[in-house]
Amino acid sequence: MFSLEKAKTSLEFDKIIDERSLKCVSQTGKARLKNCTPLFDTQHLQDILTQVQEMRDIYIFEGGLPIWEFSDIRILLNKIEPVDSYLEIQDCLKIQNVLEITLDILKFFKKTEDKFPYLNKLTEKLNLNEQLLKQLKFTIDPSGNI
């Protein structure tokens, strides 16, 4: 009888995940990778493998994605939800960083949409508030001064 836990142990799945997590550019990515489980749906697996192939091609032929380390800003976004709340300057810079990465990724996939259709489709879910990005850049310099 097939045992998923036995297979994971035999394949040293945890070691593979730990090694791959070192390449993640965000804590959120590391957490998602460490919580991943093997796929059993053939179609879903095929879709993921196609995305992996496209990502591989991006690194080989395009030099990689325009992405760098970033913070999980979900907590910050929840923090500013109440009326009369505010963020510290460092928090604003974290949001600006995520917005800049989003802009660069959207530009990249617009330029290469025919080459990488599966990954390009994922960017449809990205929302960019360009006005907020412009305002943050105008208000706060890179060293954190207003």
Worked check of side chain to side chain contact (heavy atoms under 4.5 Å, CB included) between Leu87 and Leu76: CA-CA 8 Å; Leu87 294 175; Leu76 301 176; 4.3 Å; yes

Leu33-Leu4 co-clustered via ILVMFWY side chain contacts under 4.5 Å: no

Where Gly144 and Ile89 come nearest, the two heavy atoms and their spacing: O-CG2, 3.3 Å

Backbone N/O of Gly29 and side chain of Ser26: donor-acceptor pair under 3.5 Å: yes

Pairwise side-chain contact, Lys8 with Ser3, heavy-atom cut-off 4.5 Å (strictly under): no

From CA spacing to verdict: salt bridge (Lys or Arg N to Asp or Glu O under 4.0 Å), Asp91, Lys79: CA-CA 10 Å; Asp91 294 337; Lys79 184 178 174 183; 3.7 Å; yes

In one Ile/Leu/Val/Met/Phe/Trp/Tyr side-chain cluster, 4.5 Å: Leu93, Ile146: yes

Considering all heavy atoms, the nearest Ser71-Val98 contact: O-CG2, 3.7 Å

Atom CD1 of Ile75 with >12 non-hydrogen neighbours under 6.0 angstrom: no

Check: Tyr86 and Cys92 side chains under 4.5 Å, non-hydrogen atoms: no

Phe116 and Phe109 aromatic ring geometry - parallel, tilted or perpendicular at 30°/60° bounds: perpendicular

Under 3.5 Å donor-acceptor, Glu113 side chain and Asn120 backbone: no

Distance in Å, Glu100 CD paired with Leu128 CG, rounded so as to fall on 0.5 Å steps: 10.5 Å

Close side-chain approach of Lys34 and Asp18, heavy atoms under 4.5 Å: yes

Where Leu99 and Leu136 come nearest, the two heavy atoms and their spacing: CD1-CD1, 4.1 Å

Shared hydrophobic cluster, Phe108 / Val52 (ILVMFWY, side-chain heavy atoms < 4.5 Å): no

For the student: nearest non-hydrogen atoms of Tyr118 and Thr50, plus distance: CD1-CG2, 3.2 Å

Close side-chain approach of Pro66 to Ile101, heavy-atom, < 4.5 Å: no

Lys115 and Glu54, any side-chain heavy atoms less than 4.5 Å apart: no

Minimal non-hydrogen separation, Thr123 against Leu106, with atom names: O-CD2, 3.8 Å

Check: Gln43/Asp47 side-chain N/O donor and acceptor closer than 3.5 Å: yes

Non-hydrogen atoms of Ile17 and Cys36 that approach each other most closely: CD1-SG, 3.6 Å

Check: Asn97 side chain, Glu69 main-chain N or O, donor-acceptor pair, under 3.5 Å: yes

Within 6.0 angstrom of Phe138 CZ, more than 12 heavy atoms from elsewhere: no

Atom pair CD (Glu19) and CG (Asp14), whose distance is rounded to the nearest 0.5 Å: 13.0 Å

Same cluster (ILVMFWY, side-chain, under 4.5 Å), Leu122 and Leu39: no

Leu119 side chain reached by Met55 side chain, heavy atoms, under 4.5 Å: yes

Gln96 side chain reached by Leu133 side chain, heavy atoms, under 4.5 Å: yes

Test item: Thr28 and Arg74 side chains (from C-beta on) under 4.5 Å apart, heavy atoms: yes

Side chain to side chain contact (heavy atoms under 4.5 Å, CB included) assessment of Ile48 paired with Gln51: CA-CA 5 Å; Ile48 297 294; Gln51 291 171 2; 3.8 Å; yes

